[in-house]
J.: 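Here it is: the structure, laid out below.
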Amino acid sequence: MSNFHILHALCRSALANPSNAVIRQVERLRDALEKEGKKADAEKLTRLLNSIDQTCDMAPYRIQKSRAMLGGEELTPNTSIPVDKETATPLVEILFPASLCDESPIFSSKVTLAVKSILDDWANLEKLSEIGASPSRSCLIYGAPGTGKTHLALWMAQQMGIPVVLARLDGLMSSFLGTTSRNIGNLFTFAAKYKCILLLDEFDAIAKLRDDPQEVGEIKRVVNTLLQNLDARRESGICIGITNHEVLLDPAIWRRFDVQIEIPIPSYEVVSRIIGKFMAPLDFSNEEIKFLAWCIEGGTGADAISLVQWIKKMHVLEKGENTRLADLLQKYALLNSKRIAPAKREMLAHPEDALLAALLENREYGFRQKDVADIMGFTPSAVSKRLTKLKGMEEDKNHA
């Protein structure tokens, strides 16, 4: 099939957010290719289908009934928002569902299961209330920067169809005595008045340990004010907190959240799915995507997206040049040294030997000689010769 590479790219894009109908059509295409004797093409589709079992995107919930269960007035674009009385700086930003991205984040199956359990609570507020059960009204999302915490919180709000009152808590801090506590009180009073999700970003800026010797007495009063308002919020609406520095949080803060979800550094399977999803419309093989994931191993989803965007830029700027993928990554490592681990940068700096050996020796990723040959722009026979040479050099070294 002369245009299979286009079909392959379309299938990969469709399976980034798979439905049963999409999966079925890709399976039909694979089966048709097998019957026509195009086993290599069929195998590529099989690998795509297998990849969706390793991790999963969260299907849309579109929670509507539970929205009616939340009290408060409706927010509109004309609603006046609270401001810092000393500086007139807005304390919040209002984000309406129509402006929020409905593209579901990609996480491991364990994280996805945890998020779905929260959405199930919110999707069944009415049923839970009928039997006197208390749904989860608050959620703390924590993890390293770039792992998708804010994206997740906004996606959850978008699925509920409820406006977000976004407050970056570092913006509530004031040098005036007592103003920070007053700002917190005004923020929660505003959120309690309206039907909304209160999203507290940079949560550690205020919710710090009260016994921190570096902090003055004012921070203790601020944390106490925050705790009191979080308790009151449990009865009036939904609250989500986000932090990159959970170790800084006061222990009492954790008890105010019904659910706490850690968003870990993604596995290479998750990174591969992120790369595959955002690489479209460029057509990269599964092996090439796996190599890109290997290069940024230990990085975040944001790192994966940054790499994809850079490769797309190079595709435009170096169009027509026969550049090896290994050479592209060597250049990327020089320009983005903090996104790639030092050991990987060293291997990429000498791709002829160190990189070849490292890829083939890595059992977790399962690179084959043919895969490595394609990535490095060699023929399979050239790879075999280099391996033989490397093995001989190693034996000579051991005998010396």
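Below, all heavy atoms of this structure are taken into account, side chains as well, without hydrogens, waters or symmetry copies.
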J.: If hydrophobic clusters are built by linking Ile, Leu, Val, Met, Phe, Trp and Tyr wherever their side-chain heavy atoms come under 4.5 Å apart, do Val115 and Leu128 end up in the same one?
T.: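 No, separate clusters.
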J.: Can you tell whether the side chains of Arg234 and Asp258 come within less than 4.0 Å, N to carboxylate O?
T.: yes
J.: Can you tell whether the side chains of Lys38 and Glu43 come within less than 4.0 Å, N to carboxylate O?
T.: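 The answer is no: the pair does not qualify as a salt bridge.
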J.: Please determine if Glu93 and Arg168 form a salt bridge, counting it only when a charged side-chain N lies under 4.0 Å from a carboxylate O.
T.: yes
J.: Between Phe4 and His8, what is the ring plane arrangement, given parallel below 30°, perpendicular above 60°, and tilted in between?
T.: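 Because their plane-to-plane angle lies in the 30° to 60° range, the rings of Phe4 and His8 count as tilted.
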J.: Would you please classify the geometry between the Tyr365 ring and the Phe367 ring as parallel, tilted or perpendicular, with 30° and 60° separating the classes?
T.: parallel
J.: Less than 4.5 Å apart, any side-chain heavy atom of Leu230 and any of Ile253?
T.: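 A side-chain contact under 4.5 Å exists here.
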J.: Between Phe203 and Phe257, is the ring centre distance below 6.0 Å?
T.: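 Judged by ring-centre distance (under 6.0 Å), Phe203 and Phe257 do meet the cut-off.
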J.: If the threshold is 4.0 Å, N to carboxylate O, is there a salt bridge linking Glu297 and Lys344?
T.: yes
J.: Is there a path of hydrophobic side-chain contacts, each under 4.5 Å between heavy atoms of I, L, V, M, F, W or Y residues, that connects Val259 with Trp155?
T.: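 Hydrophobic grouping puts Val259 with Trp155.
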J.: Going by the side-chain contact (heavy atoms from CB on, under 4.5 Å) test, name the single residue among Leu198, Leu226, Asn229 that passes it with Leu187.
T.: Leu198
J.: Using a strict threshold of under 4.0 Å (side-chain N to carboxylate O), is an ion pair present between Arg368 and Asp371?
T.: yes
J.: Given the rule in the side chain to side chain contact (heavy atoms under 4.5 Å, CB included) test, do Thr243 and Glu202 qualify, once you have shown the distances and angles that lead to the verdict?
T.: CA-CA 5 Å; Thr243 179; Glu202 307 292 345; over 6 Å; no
J.: With a sphere of 6.0 Å drawn around NZ of Lys193, does it hold more than 12 non-hydrogen atoms of other residues, nucleotides or ligands?
T.: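 Open.
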J.: Inspect the contact between Lys370 and Asp374 and indicate whether a charged nitrogen and a carboxylate oxygen are less than 4.0 angstrom apart.
T.: yes
J.: Between Glu235 and Arg137, is there a side-chain N and carboxylate O pair less than 4.0 Å apart?
T.: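 Result for this pair is no, no salt bridge flagged.
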